[in-house]
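Written out below as structure tokens is the structure these notes cover.
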Amino acid sequence: MAAAGFLVTLAIFLVSSSSISNAFDNDPLQDFCVAVPDASAAVFVNGKICKNPKQVTTDDFLATGFNTPASTNNSFGFGVKVADVNLIPGLNTLGLTVVRVDFEPDGGVPPHTHPRATEVITVLEGTIYAGFVTSNPTDNTKNKLFAKILKPGDVFVFPVGLVHFHRNVGKTKGMAIVAFNSQNPGVITIGNAVFGSEPHIAPEVLTKSFQVDKKVIEYIESKF
């Protein structure tokens, strides 16, 4: 009986460990798994299909152009260049995405989350106000804001899934390099998700949630 109990406990531990280790991107099972373009894939998988290793080239691990700014010609005053598995096929299964973010003065990335990755930002130019908000506390107290004004050389971490933001509070342009521990971190911009979904969330839900008049909701939705 003792042996049987040990085996049951061991089985539960192994299943639990597997669940924990697979919470984010799976570890690679070979040196590399260069991605095949989606249009060339015969099936859809959780990630991307591997290219024949004999057909892999050095260019599969290379991206260029990060030395030039991203376009910031939009109402938010920021732009991004993304080096992910779609740009660098060799990143497939390696659990990494790198982004260049450029800011106009007073430009910023609105509150958003990444459901599948922790984010690390390194400021190289400008003065960036950045922060994140904790999830809802169990004791019914208010969500807590952790924020800091970042200068060139500063590094700041945004834990996975938490709402966060960046804004250039300096008088000159800003630039930062952001890294994610996933090849597909995902992004949910709060304003777009709540006020710009298709179809729209029922106005009764939003008026009740935000405790405002329906006309206020309609006005905000018109911006998205």
Side-chain angles (χ1 to χ4, degrees), residues 18 20-74 76-104 107-110 112-126 128 130 150 152-161 164-166 168 172-189 192:
S18 175
I20 293 171
S21 64
N22 290 329
F24 299 102
D25 293 5
N26 292 326
D27 291 332
L29 300 178
Q30 58 242 3
D31 287 346
F32 48 77
C33 172
V34 174
V36 173
D38 290 334
S40 303
V43 295
F44 291 99
V45 296
N46 187 27
K48 291 182 181 291
I49 295 174
C50 299
K51 186 177 183 179
N52 185 335
K54 294 181 180 179
Q55 298 175 354
V56 171
T57 69
T58 302
D59 287 342
D60 288 322
F61 302 93
L62 173 70
T64 60
F66 254 46
N67 59 319
T68 58
S71 173
T72 54
N73 185 24
N74 55 66
F76 296 108
F78 83 96
V80 298
K81 284 190 170 183
V82 181
D84 61 4
V85 68
N86 296 302
L87 183 64
I88 309 176
L91 281 175
N92 192 37
T93 76
L94 299 184
L96 180 66
T97 296
V98 180
V99 177
R100 171 178 171 146
V101 188
D102 288 278
F103 302 87
E104 291 294 324
V109 184
H112 62 285
T113 73
H114 302 288
R116 293 180 290 275
T118 292
E119 174 182 335
V120 178
I121 183 172
T122 302
V123 174
L124 300 180
E125 298 175 10
I128 309 300
L150 307 176
D154 289 344
V155 180
F156 196 76
V157 177
F158 307 95
V160 58
H164 60 284
F165 58 87
H166 328 88
N168 182 12
T172 60
K173 293 184 177 183
M175 191 269 282
I177 297 296
V178 170
F180 301 96
N181 65 333
S182 172
Q183 73 179 53
N184 185 22
V187 60
I188 303 171
T189 305
N192 291 11

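Since the model is a prediction, treat every value here as computed from it, not as a measurement. Along the sequence shown, the residues carry numbers beginning at 1.
- In this structure, the ring-ring contact (aromatic ring centres under 6.0 Å, His included) partners of Phe61, at least two apart in sequence or on a different chain, are Phe32.
- Applying the salt bridge (charged side-chain N to carboxylate O under 4.0 Å, His left out) rule to Asp102 yields the partners Arg100; only residues at least two apart in sequence or on another chain are considered.
- Under the 4.5 Å side-chain criterion, counting only non-hydrogen atoms from C-beta, Ile121 is not in contact with Val155.
- With sequence neighbours left out, Phe158 forms a ring-ring contact (aromatic ring centres under 6.0 Å, His included) with Phe156, His164, His166.
- A distance-only check finds no donor-acceptor pair linking the side chain of Asn92 to the backbone of Val85 [under 3.5 Å].
- In this structure, the separation between CZ on Phe103 and CE on Met175 is 10.5 Å, given to the nearest 0.5 Å.
- Between the side chain of Asn86 and the main chain of Pro89, no donor-acceptor pair closer than 3.5 Å is present.
- Residues satisfying the side-chain contact (heavy atoms from CB on, under 4.5 Å) criterion with Thr189, sequence neighbours excluded, are Pro110, His112, Val187, Asn192.
- The distance from atom CD1 of Ile128 to atom CG of Leu150, rounded to the nearest 0.5 Å, is 7.5 Å.
- Here the closest heavy-atom approach between residue Asn168 and residue Gly174 is recorded as ND2-N, 3.4 Å.
- A donor-acceptor pair is defined here as one N or O able to donate and one able to accept, closer than 3.5 Å; such a pair exists between the side chain of Lys81 and the backbone of Gly65.
- When all heavy atoms of Val160 and Pro115 are compared, the closest pair comes out as CG2-O, 4.0 Å.
- In this structure, the side-chain contact (heavy atoms from CB on, under 4.5 Å) partners of Val80, at least two apart in sequence or on a different chain, are Phe78, Val82, Val99, Val101.
- Applying the side-chain contact (heavy atoms from CB on, under 4.5 Å) test to Asn67 and every residue at least two apart in sequence or in another chain returns nothing.
- Nearest heavy atom pair, residue Pro185 against residue Thr97, reads CD-OG1, 3.7 Å.
- Heavy-atom minimum distance, Ser182 versus Arg116: CB-O, 3.5 Å.
- Scored by the side chain to side chain donor-acceptor pair (under 3.5 Å) test, Thr64 finds no partners at all (sequence neighbours excluded).
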side-chain hydrogen bond (donor to acceptor under 3.5 Å, both in side chains) assessment of Lys48 paired with Thr93 | CA-CA 8 Å; Lys48 291 182 181 291; Thr93 76; over 6 Å; no
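- Residue-environment remark: CG (Asn74) exceeds the threshold of 12 foreign heavy atoms within 6.0 Å.
- Between the CD atom in Gln183 and the CG atom in Leu91 there is a gap of 7.5 Å [rounded to 0.5 Å].
- Not a single side chain to side chain donor-acceptor pair (under 3.5 Å) links Asn184 to another residue, sequence neighbours left out.
- Phe180 has its side chain out of reach of Val98: every pair of non-hydrogen atoms, C-beta onward, lies at least 4.5 Å apart.
- Here Glu104 pairs with Thr72 under the side chain to side chain donor-acceptor pair (under 3.5 Å) rule; sequence neighbours left out.
- Take Asp60 and apply the side chain to side chain donor-acceptor pair (under 3.5 Å) test, not counting sequence neighbours, and it matches Lys51.
- Between Gly90 and Val34, the shortest heavy-atom distance links the atoms CA-CG2, 4.0 Å.
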